[in-house]
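The structure appears right after this line, and notes come after that.
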Amino acid sequence: PSLSGQTITLGSQLTIADSAGLIIDGGSANITVSGNNAVRVFDVVLSGAKLTLTNITVANGRLNFSAGAGIFNNGTLTVNNSTLSGNSANIGGGGIWNAASGTLTVSNSTLSGNTTDNFGGGIYNQGGTITVSNSTLSGNSATQSGGGLGMNAGTVSLKNTIVANSPSGGNCVGTITNGGYNLDSDGSCGFGTTNHSLSGTMDNPLNPQLGPLANNGGPTKTHALLEGSPAIDKGVAVAGITTDQRGVARPQGAAPDIGAFEVDTKKPKVSTATETPTGTDIGRGTNVAATFSEKMSPTSITKSTFKLFKVTSSGTTQVTNVTVTLSSDGLKATLNPYGTSSTLLAANTRYKAVVTTGAKDIAGNALDQSSTTAGNQQKAWTFTTKG
């Protein structure tokens, strides 16, 4: 928790040689591991080494006269729900270099603003195996070719993925397998419209209408799909993936969206509340809880957005000696109004619980307060304690 929202700045690269498998999961803490524009971030150095990154940002790795500034992979590398941005290597693979013995799987992730003076600004495949799904490669560049993705040998397969907006080098170079439901803005990946893919051309690019790399909810930055994006509702469900990079459930519309971002405009609701609205004879050692219709942003569930008031004939007084916590699945907030016997709820007293519009889901949508009907979307409810 003490690292939440912070950047871990490296003085030298982190070398992974663990065949048992190393997992680094940032959870909801919004953690960045940075090469500080001076060193590579991760080096999976051995063919038997394994590294899994989840909910992590890999940024500002930099290498001169070498490859794979963000990550060099000669083993088995899995990247989930993560972002690689601002990494630069002059030989190739600004974001990731996948060596001849490397196996790389990228899922629900974003590669943005990575560069190289050679081939493969976002990802380069020297001869291994690469599988990319539900991801967005945007704004990556290569002086030679393959701004988004380049390959010399091996196999590369993309599914439900956006490759777009490469400032130099085009989006792709090499033979890329079209797993279907991809979006290639300049047509260089060779997908055309086969297998439900969408492609532009160099002369007539297809604009995916992506927002800038930004905090759109969740622990890592993403490119939002703007209104009217051709990627909206044009994707397909990928086995084992039920959310987008931020944790927003897929699909929100008629079908999943292409890329790492799922458009979500639905307001969350309080689907159930305890103690039971209008309930009586409630124990003095009672917690107050709100269960939401979808995953909520942890930073939005606080004592300022989930409040408890004592109700008297002269008005209401907020109870401030409380703790508010959100469950690990993001669906239930609990307000604990006591810690010792002296801070129990008062006997024979009316209380009102309130969840404000400051409570937001992962996508940043504020709480729906259109109804206070029991069992619907309560914004406020009352109960009475017993003697």
Side-chain angles (χ1 to χ4, degrees), residues 40 42-44 47 51 58 61 63 66-79 82 84 87-107 109-192 194-195 197 199-202 258-260:
R40 173 191 284 139
F42 292 106
D43 184 3
V44 187
S47 60
L51 173 64
V58 177
L63 286 175
S66 192
I71 309 173
F72 182 92
N73 177 49
N74 196 43
T76 300
L77 172 63
T78 304
V79 179
S82 295
L84 283 86
N87 302 288
S88 179
N90 68 335
I91 288 183
I96 303 174
W97 177 286
N98 194 55
S101 297
T103 298
L104 169 63
T105 303
V106 179
S107 174
S109 294
T110 296
L111 286 93
S112 176
N114 302 288
T115 64
T116 180
D117 293 335
N118 207 342
F119 304 98
I123 302 174
Y124 186 77
N125 193 31
Q126 187 184 20
T129 300
I130 297 178
T131 303
V132 182
S133 62
N134 286 32
S135 295
T136 299
L137 285 69
S138 178
N140 303 289
S141 60
T143 301
Q144 297 298 323
S145 60
L149 196 157
M151 60 180 297
N152 175 57
T155 59
V156 178
S157 177
L158 269 60
K159 185 173 184 176
N160 211 69
T161 290
I162 295 173
V163 189
N165 302 336
S166 302
S168 62
N171 289 333
C172 298
V173 64
T175 303
I176 314 296
T177 299
N178 178 13
Y181 299 87
N182 297 300
L183 190 156
D184 169 19
S185 65
D186 67 9
S188 60
C189 299
F191 301 149
T194 302
N195 201 5
S197 289
S199 300
T201 65
M202 290 293 185
I258 302 174

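Please read these numbers as outputs of a predicted model, since none were measured by experiment.
Between the side chain of N87 and the main chain of V58, a donor-acceptor pair closer than 3.5 Å is present. A donor-acceptor pair under 3.5 Å links the side-chain atoms of S199 to the main chain of G192, judged by distance alone. Between the side chain of N98 and the backbone N or O of I123, no donor-acceptor pair lies under 3.5 Å. In this structure, D117 contributes its side chain and N90 its backbone to no donor-acceptor pair below 3.5 Å. Side-chain N or O atoms of R40 include one that pairs as donor or acceptor with a backbone N or O of G68 at under 3.5 Å. No donor-acceptor distance shorter than 3.5 angstrom exists from the side chain of N134 to the backbone of G259, with no hydrogens or angles considered. Checked by atom type and distance alone, the side chain of N118 never pairs as donor or acceptor with a backbone atom of A142 at under 3.5 Å. Between the side chain of T136 and the backbone N or O of A260 there is at least one donor-acceptor pair closer than 3.5 Å.
N114 approaches G122 most closely through the heavy-atom pair CB-CA, 4.3 Å. Nearest approach of S188 to G170, heavy atoms of both residues: OG-C, 4.1 Å. Among all heavy-atom pairs drawn from G93 and A89, the shortest one is O-CB, 4.1 Å. Residues I176 and C189 share a closest heavy-atom pair of CB-O, 4.0 Å. Residues C172 and V163 approach most closely at SG-CG1, 4.1 Å, considering heavy atoms.
Rounding to the nearest 0.5 Å gives a distance of 8.0 Å between CG of L104 and CG of N125. Considering CD1 of I71 and CG of L77, their distance stands at 5.0 Å, rounded to 0.5 Å. Taking OG1 of T161 as the start and CD1 of I258 as the end, the distance is 9.0 Å to the nearest 0.5 Å. Summarising the geometry, atom OG belonging to S101 is positioned 8.5 Å from atom CD belonging to Q126; distances are rounded to the nearest 0.5 Å.
Among residues two or more places apart in sequence or in another chain, the side chain to side chain contact (heavy atoms under 4.5 Å, CB included) test is passed with S107 by N80, S133, I241.
In this structure, a donor-acceptor pair under 3.5 Å is present between the side chains of T115 and S88.
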Passes side-chain contact (heavy atoms from CB on, under 4.5 Å), N152 versus F119? Steps please. CA-CA 9 Å; N152 175 57; F119 304 98; over 6 Å; no
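Sequence neighbours left out, not one pair with a member in residues 128-163 passes ring-ring contact (aromatic ring centres under 6.0 Å, His included). Residue pairs meeting the side chain to side chain donor-acceptor pair (under 3.5 Å) criterion with at least one member in residues 169-179, sequence neighbours excluded: S166-N171, N171-D184, N171-S185, N171-D186, N178-N182, N178-S197.
Between W97 and F72, the ring planes lie parallel to each other; the angle is under 30°, not in the 30° to 60° tilted range.
Screening N73, V44, V79, D43 for a side chain to side chain contact (heavy atoms under 4.5 Å, CB included) involving L51 leaves a single residue, V44.
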